[in-house]
Amino acid sequence: MKRALGVCYYPEHWPEEQWSEDATKMVENGLTWVRIGEFAWSRMEPTPGTLQLDWLDRAIEVLGTAGLQVILGTPTATPPRWMIDKHPDMLAVDENGHPRKFGSRRHYCFSHEGYRKESRRITEILAKRYGKNPHVAAWQTDNEYGCHDTTISYSNAARHAFQDWLAQKYQSTDALNRAWGNVFWSMDYDSFDQIELPNLTVTEPNPSHALAFRRFSSGQVVAFNREQAQILKAYSDAPLIHNYMGRTVEFDHYDVGADLDIASWDSYPLGFLEDRMEDDDAHKRAYAQQGDPDFQAFHHDLYRAVGKGRWWVMEQQPGPVNWAPVNPAPLPGMCRLWAWEAFAHGAESVLYFRWRQAPFAQEQMHAGLLRSDRGDAPALAEAAQVARELTKMAEVGTTQAPVGLVFDYASAWAWQVQPQGTGFDYFRIVFEVYRGLRKLGLDMDILPPDSGDLSAYKLVLAPGLLTLSDPLRSALKSFQGTGLIGPRSNSKTSELTILEPLPPNLPGLAATITRSETFRADMDRPLQKGGAIRHWLDHVETSEEITEATTAGDPVLIGSGPVKYLAGWPDEAALNRILQTLCDAEHIQTTPLQGGLRIRRTDTYLFAFNYGPEGASFDGQTIPPAGVYWIPK
Ligand code: GAL
């Protein structure tokens, strides 16, 4: 497959005379994709019903005739000001009951029927007009669903829709009362319209109620996106894409992805390191200008799963961003490294965000490939270098990873609703396992929680999984490799109530969790073989073999068969040892990597990337900081 580069462009930000020069320069630098339109509603429809699309026709024509393929965005992330006059109650409402205001973006509630209709209307206008346009080669729905905490809204529209959703799901309030245990604290309902959203309660709401609301809220994003997808499909054969974000778990991306052709995500490694990671200062200093060595790869692998194999980076950081607590410049070479790492993980295309820095508004301090005065910014040369390298490179290839790691959105919601200890974060535990495996030089696939075929893998891990789905359970029963399940996995029903028989209730494993403890960050439980358990420890009664235990004798790694249970959250030392032992048992060859060096194999190449601040040795070479190395296999 031909891998490609591109850029995000805002023709509405620049005088029309500029477009053609911009397009020519994009092409000269080896870019082939250009994404436009996703925030331009106020210029497409300046007043209700008055369409002005001739400028967009011309922009598409200029870009297309220059040789670029256009990705056209539906502009629904930025409803214009007049929309708020037309639908004053379309604004999302925060947990405190305050409407979020106009004046930035994503100011809509997914449940508002009036806005849903407007979203379908503008989507259909664009789909009809550009569905067969030869230059429009892909579509982007909306922009970054859920970004800026916008999945959940406590509006009246959400309340009514939630009540309908509950009525559909449970059919009777008796069934709902039973499922949630509403007898507790006299919370029984006798009609669905009595059920409020789970905010502003005196103390915590019933966790089953809160989790149901999270499932509903995710479903609203899926439904919103599906409406656009259906309309676009009716008028166009071009693939449909959405640009997801980093560490965003509030809606089920697999469910949104099921209605689209390609997944993509917006990769801002330096912003994410400062803004979205809980690592210590030493780690953040070491990687301040490179980004965390595993965060990007994790999302590449996650979105490959969400896209059922097809995925892109829709926005790639090109220099300092504007939105993190501090915004350093990438080390020279990183804008090239990030793109190559994405290709090594199977990305079809990588687009830099954005072409030219805007001299105005919220993102005026955010770099582009060009400066605001049209001079070249440093990332342009790096992008051009990647484009030249791509033309010389044979097929990058794909990978059959030996290891699968389950990632499940509902588990993230469940443990947000019921953390039980402040340290228990679902994304974090999965990410730490991912990082541990990457440091052993392993390639991984992220697996959805309903994966029913594990036959391609030797090792499958599922930390923190709310429930074991039927397909996963039956795949584990016949699994030829090793499955490491836990901590906390399969500990609840999908309603967030306690199971019987008691967890972990795994195929082929005689073990019962009698209670679970959480503890302070400074009170780790040391392990007999070194390292410690943090945050969470299950107390397990078992007749199975115990290969790891705390110094107090609590079983931690349980089972000698294919399915093993991990009863706590291991620290780095303990995790490394456990992962290495499992790999050895499965004859998975590991390549322990030092510092910020990471590798990725495809069937045609072995790639190495140095995220570290110093040179790293690999394969008899010294790879400089920000260096990319590859050898044909
Ligand atoms: C993304 C967003 C872009 C832009 C960018 C800035 O999250 O999709 O529109 O705001 O961040 O880094």
Side-chain angles (χ1 to χ4, degrees), residues 147-149 245-249 265-302 313 315-339 341-342 353 363 365-367 378-379 382 412 422-440 520-522 524 531-532 534-535 569-576 593-599 608-616 623-628:
C147 193
H148 317 306
D149 289 326
M245 248 298 201
R247 200 169 183 168
T248 297
V249 297
W265 79 289
D266 297 346
S267 175
Y268 292 93
L270 307 192
F272 291 143
L273 177 75
E274 278 297 336
D275 197 48
R276 302 206 176 180
M277 302 197 70
E278 48 279 87
D279 295 273
D280 61 19
D281 288 345
H283 182 85
K284 291 194 177 180
R285 271 197 304 274
Y287 296 109
Q289 293 186 276
Q290 308 94 307
D292 180 86
D294 301 298
F295 191 87
Q296 288 64 249
F298 177 87
H299 288 86
H300 296 339
D301 292 346
L302 172 63
V313 172
E315 299 181 13
Q316 177 63 70
Q317 176 164 359
V321 299
N322 62 299
W323 46 262
V326 290
N327 296 292
L331 220 58
M334 285 313 293
C335 294
R336 167 175 174 255
L337 182 151
W338 293 326
E341 189 179 38
F353 179 94
E363 290 176 358
M365 296 301 288
H366 191 297
E382 294 190 25
T422 45
F424 202 99
D425 179 84
Y426 177 73
F427 177 92
R428 186 69 197 183
I429 192 168
V430 178
F431 179 72
E432 285 188 9
V433 171
Y434 182 88
R435 176 185 268 175
L437 291 158
R438 285 255 297 170
K439 283 183 172 173
L440 293 175
R520 294 170 51 97
D522 55 1
D524 291 355
R534 296 180 299 158
H535 308 310
W569 182 324
D571 70 2
E572 196 180 341
L575 182 63
N576 289 348
L593 300 168
Q594 298 305 314
L597 187 69
R598 294 293 183 271
I599 59 177
F609 304 96
N610 187 9
Y611 271 87
E614 272 139 32
I623 306 176
V628 180

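Here, residue 1 is the first one in the sequence, and each next residue gets the next number. Below, all heavy atoms of this structure are taken into account, side chains as well, without hydrogens, waters or symmetry copies.
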Would you say the side chain of [Y] lies within less than 4.5 Å of the side chain of [X], judging by non-hydrogen atoms?
X: F295; Y: R247; value: yes
X: P269; Y: Q316; value: yes
X: P318; Y: H366; value: yes
X: M245; Y: R276; value: yes
X: K439; Y: L593; value: no
X: V430; Y: F298; value: yes
X: P320; Y: M365; value: no

Inset, instruction - Quick one: list whatever passes ring-ring contact (aromatic ring centres under 6.0 Å, His included) with H283, sequence neighbours left out. - result: Y287
Atom [atom1] of [X] and atom [atom2] of [Y]: how far apart are they, to the nearest 0.5 Å?
X: F272; Y: S267; atom1: CZ; atom2: OG; answer: 6.0 Å
X: N576; Y: R435; atom1: CG; atom2: CZ; answer: 11.0 Å
X: E278; Y: D425; atom1: CD; atom2: CG; answer: 6.0 Å
X: L597; Y: E614; atom1: CG; atom2: CD; answer: 13.0 Å
X: F427; Y: E432; atom1: CZ; atom2: CD; answer: 10.5 Å
X: D292; Y: Y611; atom1: CG; atom2: OH; answer: 8.0 Å

Inset, instruction - Could you tell me whether the side chain of R438 and the main chain of P293 form a donor-acceptor pair under 3.5 Å? - result: yes
Legend entry - Donor-acceptor pair, side chain of E274 and main chain of A324, under 3.5 angstrom: no
Legend entry - Intermediate values then yes/no, side-chain contact (heavy atoms from CB on, under 4.5 Å), W265 and L302: CA-CA 10 Å; W265 79 289; L302 172 63; over 6 Å; no
Inset, instruction - Using side-chain contact (heavy atoms from CB on, under 4.5 Å) as the criterion, point out the one residue from I623, I599, L337 that pairs with F609. - result: L337
Please report the closest heavy-atom contact between [X] and [Y], naming both atoms and the distance.
X: C335; Y: A379; value: SG-CB, 3.9 Å
X: P625; Y: L331; value: CB-CD2, 3.9 Å
X: P330; Y: M334; value: CB-CB, 4.0 Å
X: G319; Y: A367; value: CA-CB, 3.7 Å
X: N610; Y: A616; value: ND2-N, 3.5 Å

Inset, instruction - Any pair with a residue in residues 322-339 that passes side chain to side chain donor-acceptor pair (under 3.5 Å), sequence neighbours left out, goes on the list, sorted by first then second residue, please. - result: R336-E389
Inset, instruction - Using salt bridge (charged side-chain N to carboxylate O under 4.0 Å, His left out) as the criterion, list what pairs up with D522, not counting sequence neighbours. - result: R520
Inset, instruction - Apply the test salt bridge (charged side-chain N to carboxylate O under 4.0 Å, His left out) to residues E341 and R598: give CA-CA distance (whole Å), side-chain angles for both, the deciding distance (0.1 Å), then the verdict. - result: CA-CA 10 Å; E341 189 179 38; R598 294 293 183 271; over 6 Å; no
Inset, instruction - Give a yes or no on whether a salt bridge exists between D280 and R285, defined as a side-chain N under 4.0 angstrom from a carboxylate O. - result: no
Inset, instruction - Tell me yes or no: between the side chains of Y268 and D275, is some donor less than 3.5 Å from an acceptor? - result: no
Inset, instruction - For the pair H300 and V313, evaluate side-chain contact (heavy atoms from CB on, under 4.5 Å) and give the outcome as yes or no after the intermediate values. - result: CA-CA 8 Å; H300 296 339; V313 172; 4.0 Å; yes
